[in-house]
Protein chains: 2
Amino acid sequence: LRGVTPNVSTSYQDQLSATMGQLGEACGMAGHAIQRATQALLQADLELAESVILSQTDIAATSSRAEEKAFVLLGLQAPGAGNLRAIVSAIQIVGDVERMGALASHVAKIARQRHPQHAVPEQLNGYVADMGALAAALASGAGDVLLSRDPRRAAQIRHDGDVMDELHRQLLSVLIDRGCTHRVAAGIDIVLLGGFYGRFADHAVQIARRVIFQATSRYEYPPVSRPGCDSG
Amino acid sequence: LRGVTPNVSTSYQDQLSATMGQLGEACGMAGHAIQRATQALLQADLELAESVILSQTDIAATSSRAEEKAFVLLGLQAPGAGNLRAIVSAIQIVGDVERMGALASHVAKIARQRHPQHAVPEQLNGYVADMGALAAALASGAGDVLLSRDPRRAAQIRHDGDVMDELHRQLLSVLIDRGCTHRVAAGIDIVLLGGFYGRFADHAVQIARRVIFQATSRYEYPPVSRPGCDSG
């Protein structure tokens, strides 16, 4: 905690921004991890899977440093209601980012467990690849929102979270419809994998939601105005 | 926020205890909700399902009141590192309890959606009943831990969380092994339900973990010493 001798009038905002920046970095690391975990899964690449599993510690360490910064801010003096909420949001976001890192690691562990077999039956590869790409985009988007606090970007993330739900349902539908052709173990892997990607997306959406709450004191997103997009 | 004129020397502990008590109450409500949601599901009871869905608001309101109390404590004055951690933990627990209420409501919504059909094929009733009973016990246990801060009780909750993981795996295994006999929609419902119970359990385990962190500053459980119990 060396070097923490803030000028009270500006330090909260500056240090809070630094904390959010560090969380954004951790979020980007989680996005990179889920992207590589998906690659490890689809290519049955053991070395890559191991490297994703190890990277969970780095993500947790980066977000823990952000948490420490937030606690220092919280302890400095009574920071006023708005700043309190913002600092507590930052601490809550730490939890989301850490879970994202853990979920990327869960995906990689399934790749490791089934190696040298492929965990995903070939006819489901496309769904898993789409979910992995969307999860990585969501993490990257949540990282952007942490830096920009842009409500429209946050609304986009929520929309993409709904797309993930739809992909997840499609995956399960195809799995169960053609379930008889797969090994039971493969079926369970797919169900678990679907859950990991889905929850990864939930955390990214939750991060965006918390940032918007910091900016507006409302847990609501502005509407996404895009053709062909369901609201709900 | 009337009546908040604390005696500084004792008020943090007293008011923190009151906050934890209110969270314990919300946790008990979530346990009651998942128990009734399971009953609505297994008996295709629409009225009961509707009542569980409505109760989500009450659970959220109770935990929000606890959150407001925690923010008041946080804003009063620099509360010292130990108290800061405890208050932030309480705010994080609010999120867990609210998710538990939402997950119970998700279970009830599946019952409502399939009514007057039964969402769960008869041969899977036993697994779902077991998961529902365990989820209710976990919520009740997490509520106890919020009041008692007993690390051994918390360790028991972690163990029961592992039992839930095992039940979840069994449910998926039976579903996929016999998947060909069910409608696709029923299969998806079961997969989603399994995820809801599993995540409900995760949040209960997380609450216990946070309370133990408050008490010991370590995110670790003491070992559970029970015959036939895997550690891990």
Side-chain angles (χ1 to χ4, degrees), chain A residues 1 60 64 67-68 70-85 87-96 98-99 102 165 168-192 194-196 198-199 202 206 209-210 219, chain B residues 1 60 64 67-68 70-85 87-96 98-99 102 165 168-192 194-196 198-199 202 206 209-210 219:
Chain A
L1 307 181
S64 282
E67 186 179 50
E68 281 310 314
F71 269 109
V72 168
L73 278 176
L74 211 48
L76 281 179
Q77 63 161 50
N83 281 331
L84 268 185
R85 292 261 169 201
I87 298 165
V88 169
S89 285
I91 293 170
Q92 290 172 324
I93 289 167
V94 169
D96 289 308
E98 288 184 352
R99 289 306 300 158
D165 285 344
H168 189 185
R169 276 198 161 267
Q170 282 177 22
L171 175 77
L172 296 178
S173 168
V174 172
L175 169 71
I176 290 167
D177 206 18
R178 306 182 196 160
C180 319
T181 65
H182 303 135
R183 289 171 296 121
V184 171
I188 295 179
D189 283 348
I190 295 297
V191 168
L192 294 176
F196 297 153
R199 284 156 63 192
D202 287 346
Q206 188 67 3
R209 186 169 165 267
R210 293 193 202 280
Y219 272 131
Chain B
L1 307 182
S64 282
E67 187 179 49
E68 281 311 314
F71 269 108
V72 169
L73 278 176
L74 211 48
L76 281 180
Q77 63 161 52
N83 281 331
L84 268 185
R85 291 263 169 199
I87 298 165
V88 169
S89 285
I91 293 169
Q92 291 172 323
I93 289 167
V94 168
D96 289 309
E98 288 183 352
R99 291 304 302 157
D165 285 344
H168 189 184
R169 279 199 159 262
Q170 281 177 22
L171 175 77
L172 297 178
S173 167
V174 173
L175 169 71
I176 290 166
D177 206 18
R178 306 181 196 160
C180 321
T181 65
H182 304 135
R183 290 171 296 122
V184 171
I188 294 177
D189 283 349
I190 295 297
V191 168
L192 294 176
F196 297 154
R199 283 156 63 191
D202 287 346
Q206 189 67 4
R209 186 168 164 268
R210 293 194 202 279
Y219 273 130

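Just so you know, these numbers use all the heavy atoms, side chains as well, and skip hydrogens, waters and symmetry mates. Lettering of chains follows the sequences in order, A, B, ..., and the numbering in each one begins at 1. None of the values given here were measured: they were computed from a predicted structure.
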Portion of B:R85 that has a non-hydrogen atom of chain A nearer than 4.5 angstrom
both
Atom pair [atom1]/[atom2] of [X] and [Y] - distance to nearest 0.5 Å:
{"X": "A:I190", "Y": "B:L172", "atom1": "CD1", "atom2": "CG", "answer": "12.0 Å"}
{"X": "A:L84", "Y": "B:L74", "atom1": "CG", "atom2": "CG", "answer": "4.5 Å"}
{"X": "B:L192", "Y": "A:H168", "atom1": "CG", "atom2": "NE2", "answer": "6.5 Å"}

Tell me, with the steps shown, if A:D202 and B:R199 meet side chain to side chain contact (heavy atoms under 4.5 Å, CB included).
CA-CA 12 Å; A:D202 287 346; B:R199 283 156 63 191; 3.5 Å; yes
Among all residues two or more places apart in sequence or in another chain, which pass the side chain to side chain contact (heavy atoms under 4.5 Å, CB included) test with A:A102?
A:Q56, A:R99
